[in-house]
Participant: 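Here it is: the structure, laid out below.
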Amino acid sequence: MKKEVRVRFAPSPTGFLHVGGARTALYNWLFARHEGGKFLLRIEDTDRERSTPEMVDYIVEGLSWLGLDWDEEPIFQSHRLDVYKKYADDLVKRGLAYYARTVDEEQAGERTRREWVEAAPEEIGKVPLAVRFRVPVEGETSYEDLIRGLITFKNSEIGDFTILRSDGTPTYQLACVLDDHFMGITHVIRGEDHIPNTPKQILLYRAFGWDTPLFAHLPMILGPDKKKLSKRHGATAVLEYRDMGILPEALFNFLALLGWSPGEDREIVPKDEMIRLFDIRRVGKRAAVFDINKLLWMNSVYIRMKTDEELLRLVLPLFEERGLVKDDSDREKLLRLIPLLKERARVLPDFVEMGFYFFSDEFEYEEKGVRKYLQDPEVPGRLRLLRERLADIPEGEFRQEKIEETLRGLAGKLGIKAALLIHPTRLLLTGRTQGPGLFELMEVLGRDECLRRLDNYLKRVS
RNA sequence: GGCCCCAUCGUCUAAUGGCUAGGACACCGCUCUUUCAAGGCGGCGGCGGGGGUUCGAAUCCCCCUGGGGCCGCCA
């Protein structure tokens, strides 16, 4: 019988869910789903000073938003402190670990440095002591990385390391090994920065007489300057991307392809396809630069894939916040507006940016447009004619086709190109020189509002 | 500094010894069009360097160079 695959994501609640962490979680999740195994969550909160419950909530919120779900109750390391201590003591009893303390050693001159010394027998039980694992000086420790192949370390270069702090809490090395063992973790998929920890943990597994899981180390995510991605590169927290109007599906897709490729020339890959195609061996080895530009493009693709109703639900709060949409008739208008805007939006707030003039006439004419379209002395006369013809259309017939027919008819009569009417009209109605097709936007705006906005201008120039 | 990892267009990547090194983002043209987007077509642009192995290397080996990670009673 094949053993069930069990993987975990083990964040430390000392900060927000970083996109690097999110991608690690994502790969674990994809792997588990592909293998029909379990994806678990473990909160590594043994560092009491830096861990906070709020961060746990934010991390959980970030994972949920991204669409990652886990299969069992999350494990909190802070709830299991007695377990770690017991196993550390066991190693001491068996001579594989020892009590130790630090001393400040005077180095030549003024510099002081902390050094570890094994505690004398009479000190044990009297002063706070840490437990250190004894690493053999001889031999080497190696493992087969699922992504990178054989990796070997000389034991002499590993050196003893602390497994239990003097306050009785475990360090990462100990807690990670014990929990992975008791959680039945079969594959440890984590960031490349953990490679140097791996031999230490393997040594611990052996000391306890346990089988080691399989390891896979993911490449780093870098900023545009090729340094490890951090706050100074801009947004790094998953929820920041949510707040800037990125869709979870887009970030999911983007992160999945940052370091992994399904092997076909595909960029937009639905989640179920990804699960089907995911293969940890196809994860690349080299660090990847986080290209926000490509994310924005991908987001625009996902926006266009949404239905108008879905988009309404997503952008309505943004319009309400700005006081632009107040009642049902506004909402109805917004829904009719969405198909005009979704081709042009890259992030959700773009809808507000590009659509606010449908709900408010408090805008200035774009200066470039004034220069280009309102300078010709013929313009006011032409627009007055257009205004009259539009006014003749019954309210109920103020449809895109009818408007177009009217405007083009007038242009024909005047012997001018339709563009000479279209551009100035757009400017007066929207303040912009660019945007959705004029006739579509006029229909949504409504006859009376169109006339009003034209009049605002015509009154001033007469 | 020591150890470890990595190296294909500006960026994300495909290629698993054998076609003119393919795709995507970005950029630049052309096209469609009332503008802007979207779409279509096209262009620019890459195997870090040097040695080997081989009939043949982006691909395998070695060296160099460059980049990154870790060297905590953080994870």
Side-chain angles (χ1 to χ4, degrees), chain A residues 10-15 21 44-47 49-51 77 100-102 114 116 128-132 145 147-149 151-154 156-159 161-173 175-176 190-199 217 219-220 222 224-228 254 257-268 282 284-298 300-301 304 340-346 350 354 369 372-373 404 407-408 411 417-427 430 432-440:
Chain A
S12 157
T14 53
E44 309 225 323
D45 55 353
T46 58
D47 182 355
E49 304 198 347
R50 299 200 306 146
S51 302
Q77 293 188 326
R101 61 186 169 81
T102 54
R114 300 230 286 192
W116 284 99
L129 295 170
V131 177
R132 304 262 295 169
D145 194 290
I147 293 172
R148 289 150 210 278
I151 297 182
T152 304
F153 293 83
K154 288 191 185 68
S156 59
E157 270 145 12
I158 298 172
F161 55 93
T162 303
I163 56 176
L164 202 71
R165 293 188 271 259
S166 53
D167 65 358
T169 61
T171 63
Y172 169 70
Q173 312 293 358
C176 181
R190 78 235 289 199
E192 182 182 28
D193 45 340
H194 284 295
I195 292 177
N197 288 327
T198 308
H217 288 95
M220 298 271 112
L222 310 177
D225 60 354
K226 306 273 184 112
K227 302 276 185 209
K228 192 172 176 175
F254 176 75
L257 261 46
L258 199 61
W260 171 73
S261 162
E264 308 159 36
D265 286 336
R266 299 181 54 185
E267 304 293 331
I268 304 298
R282 283 194 64 90
K285 296 183 184 70
R286 74 161 172 170
V289 173
F290 188 96
D291 183 3
I292 181 77
N293 211 23
K294 188 158 183 179
L295 204 212
L296 289 171
W297 164 77
M298 201 169 268
S300 76
V301 174
R304 273 176 267 138
L340 313 194
L341 302 180
K342 73 193 221 184
E343 289 289 310
R344 290 155 241 267
R346 297 214 296 174
D350 286 347
M354 299 185 307
K372 271 178 95 169
Y373 305 128
E404 177 158 13
L407 184 144
R408 289 196 190 278
K417 288 200 295 187
L420 288 177
L421 288 174
I422 289 171
H423 293 304
T425 303
R426 176 198 307 285
L427 185 67
T430 72
R432 313 277 178 93
T433 57
Q434 45 142 65
L438 179 68
F439 311 118
E440 321 168 65

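Below, chain A is the first sequence line, B the second, and so on; all start at residue 1.
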Participant: Give the rounded distance in Å between these two atoms: CH2 of A/Trp297 and P of B/C27.
Facilitator: 13 Å
Participant: Say you pick atom C1' in B/G39 and the same atom in B/C32; how far apart are they, in whole Å?
Facilitator: 8 Å
Participant: For B/A24, does the base pair up with any side-chain atom of A/Lys294 as donor and acceptor (N or O, under 3.5 Å, distance only)?
Facilitator: yes
Participant: Which is more 5' along RNA chain B, the nucleotide nearest A/Gln77 or the one nearest A/Lys154? Just name the residue.
Facilitator: A/Lys154
Participant: Heavy atoms only, 4.0 Å cut-off, all strands: where does A/His194 land among base, sugar-phosphate and nothing?
Facilitator: base
Participant: Base, sugar-phosphate or nothing for A/Ala288? Non-hydrogen atoms, less than 4.0 Å.
Facilitator: sugar-phosphate
Participant: By the 4.0 Å heavy-atom rule, please label A/Pro436 as base, sugar-phosphate, or nothing.
Facilitator: base
Participant: Mind checking if A/Arg190 touches a base, just sugar-phosphate, or nothing, with heavy atoms under 4.0 Å?
Facilitator: nothing
Participant: In whole angstrom, give me the gap between the C1' atoms of B/G45 and B/G72.
Facilitator: 45 Å
Participant: Are the side chains of A/Arg190 and A/Thr198 in contact, using a 4.5 Å heavy-atom criterion?
Facilitator: yes
Participant: On a whole-Å scale, what distance lies between the C1' atoms belonging to B/C47 and B/C60?
Facilitator: 16 Å
Participant: Please determine, for B/A21, whether a Watson-Crick or G-U wobble partner exists with both distances under 3.5 Å, and give it or none.
Facilitator: none
Participant: In whole Å, measure the gap between the C1' atoms of B/U65 and B/U16 for me.
Facilitator: 26 Å
Participant: Roughly, in whole Å, what's the span from CG in A/Leu296 to P in B/C25?
Facilitator: 13 Å
Participant: Looking at A/Met298 and A/Glu267, what are the two nearest heavy atoms and their distance?
Facilitator: CE-O, 3.7 Å
Participant: Answer with base, sugar-phosphate or nothing: what part of the nucleic acid does A/Gln173 contact at a heavy-atom distance below 4.0 Å?
Facilitator: base
Participant: Between A/Arg408 and B/U34, is there a contact of a side-chain N or O with OP1 or OP2 at under 4.0 Å?
Facilitator: yes
Participant: Heavy atoms only, 4.0 Å cut-off, all strands: where does A/Thr14 land among base, sugar-phosphate and nothing?
Facilitator: nothing
Participant: Report the distance from atom CZ of A/Phe153 to atom P of B/G69, rounded to the nearest whole Å.
Facilitator: 16 Å
Participant: Return the nearest nucleotide to the side chain of A/Ser12; candidates are B/G22, B/A75, B/U11.
Facilitator: B/A75
Participant: In whole Å, what separates the C1' atom of B/G49 from that of B/C44?
Facilitator: 25 Å
Participant: Hey, what's the ring geometry for A/Tyr373 with A/His423, parallel, tilted or perpendicular (30° and 60° as the breaks)?
Facilitator: parallel
Participant: With a 4.5 Å limit on heavy-atom distance, are the side chains of A/Ile151 and A/His217 in contact?
Facilitator: no
Participant: Expressed in angstrom and rounded to an integer, what is the separation of A/Lys227 atom NZ from B/G69 atom P?
Facilitator: 7 Å
Participant: Just checking A/Arg304: base, sugar-phosphate only, or nothing, at a heavy-atom cut-off of under 4.0 Å?
Facilitator: sugar-phosphate
Participant: Please state the P separation for the pair B/C9 and B/C5 - nearest whole angstrom.
Facilitator: 22 Å
Participant: Could you please name the partner base of B/U33, counting Watson-Crick and G-U wobble pairs only when both distances are under 3.5 Å?
Facilitator: none
Participant: For A/Gly259, report the nucleic acid contact type (base, sugar-phosphate, nothing); a contact means any heavy atom under 4.0 Å.
Facilitator: sugar-phosphate
Participant: Need one value for A/Thr433: base, sugar-phosphate or nothing, where a base atom within 4.0 Å counts as base even if backbone is also close, heavy atoms only.
Facilitator: base
Participant: Looking at every non-hydrogen atom in both residues, tell me the closest pair between A/Pro219 and A/Lys285 and how far apart they are.
Facilitator: CB-O, 3.6 Å
Participant: Across the strands shown, which category fits A/Thr425 at heavy-atom distances under 4.0 angstrom: base, sugar-phosphate, nothing?
Facilitator: nothing
Participant: From the set B/C25, B/C6, B/U35, return the single nucleotide nearest to any side-chain atom of A/Asn293.
Facilitator: B/C25
Participant: How far, in whole Å, is B/C25 from B/G18 if one measures between their P atoms?
Facilitator: 28 Å
Participant: Report yes if a side-chain nitrogen or oxygen of A/Thr162 is closer than 4.0 Å to either non-bridging phosphate oxygen (OP1 or OP2) of B/C73; otherwise report no.
Facilitator: yes
Participant: Measure across A/Ala175 and A/Thr46 and return the closest heavy-atom pair with its distance rounded to 0.1 Å.
Facilitator: CB-CG2, 4.4 Å
Participant: Would you say that A/Glu404 contacts A/Ile422 through its side chain, given a criterion of any heavy-atom pair below 4.5 Å between the two side chains?
Facilitator: no
Participant: Reckon A/Lys342 has a side-chain N or O less than 4.0 Å from the OP1 or OP2 of B/A38?
Facilitator: no
Participant: Quick one: look up who B/C71 pairs with, Watson-Crick or G-U, both distances under 3.5 Å, and put none if it's unpaired.
Facilitator: B/G1
Participant: In whole angstrom, what separates A/Ile158's CD1 from B/C70's P?
Facilitator: 17 Å
Participant: Just call it for A/Glu157: base, sugar-phosphate, or nothing, with non-hydrogen atoms closer than 4.0 Å on any strand.
Facilitator: sugar-phosphate
Participant: Give the nucleotide from the list B/C4, B/G23, B/A7 with an atom nearest to the side chain of A/Ile195.
Facilitator: B/C4
Participant: Between atom CG in A/Leu438 and atom P in B/U35, what is the gap in whole Å?
Facilitator: 12 Å
Participant: Classify the side chain of A/Arg432 versus the base of B/U35 as yes if they form a donor-acceptor pair under 3.5 Å and no if they do not.
Facilitator: no
Participant: Check whether any side-chain nitrogen or oxygen of A/Lys228 sits under 4.0 Å from OP1 or OP2 of B/C70, and answer yes or no.
Facilitator: yes
Participant: If you check the A/Gln434 side chain, which of B/U35, B/C5, B/C73 turns out closest?
Facilitator: B/U35
Participant: Check every atom of B/C25, B/A15, B/U34 against the side chain of A/Ala419 and return the nucleotide holding the closest atom.
Facilitator: B/U34
Participant: Less than 4.5 Å apart, any side-chain heavy atom of A/Met354 and any of A/Pro436?
Facilitator: no
Participant: Figure out the CZ/C1' separation between A/Arg346 and B/A38, and round it to whole Å.
Facilitator: 13 Å
Participant: So do the side chains of A/Tyr172 and A/Pro170 get within less than 4.5 Å of each other, counting heavy atoms only?
Facilitator: no
Participant: With both distances under 3.5 angstrom, what nucleotide forms a Watson-Crick or G-U wobble pair with B/G66?
Facilitator: B/C6
Participant: I want to confirm an ordering. Mapping A/Asp225 and A/Ser261 to their closest nucleotides on RNA chain B, which one lands closer to the 5' end?
Facilitator: A/Ser261
Participant: Given the structure, check if the side chain of A/Thr171 and the base of B/C73 hold any donor-acceptor pair shorter than 3.5 Å.
Facilitator: no
Participant: Does any non-hydrogen side-chain atom of A/Lys294 lie less than 4.5 Å from one of A/Leu257?
Facilitator: no
Participant: Base, sugar-phosphate, or nothing: which does A/Arg426 touch, judged by heavy atoms less than 4.0 Å apart?
Facilitator: base
Participant: Looking at A/Arg344 and B/C36, is any side-chain donor or acceptor paired with a base atom of the opposite kind under 3.5 Å?
Facilitator: yes
Participant: Give a yes/no answer on whether the side chain of A/Arg50 brings an N or O atom under 4.0 Å of OP1 or OP2 in B/C73.
Facilitator: no
Participant: Roughly, in whole Å, what's the span from CD in A/Glu192 to P in B/A75?
Facilitator: 21 Å
Participant: Does A/Arg132 place a side-chain N or O at less than 4.0 Å from the phosphate oxygens OP1/OP2 of B/C73?
Facilitator: yes
Participant: Could you check whether the side chain of A/Asn197 and the base of B/A75 have a donor-acceptor pair of N or O atoms closer than 3.5 Å, going by distance alone?
Facilitator: yes
Participant: What interatomic distance, in whole Å, is found between C1' of B/A15 and the corresponding atom of B/C62?
Facilitator: 24 Å
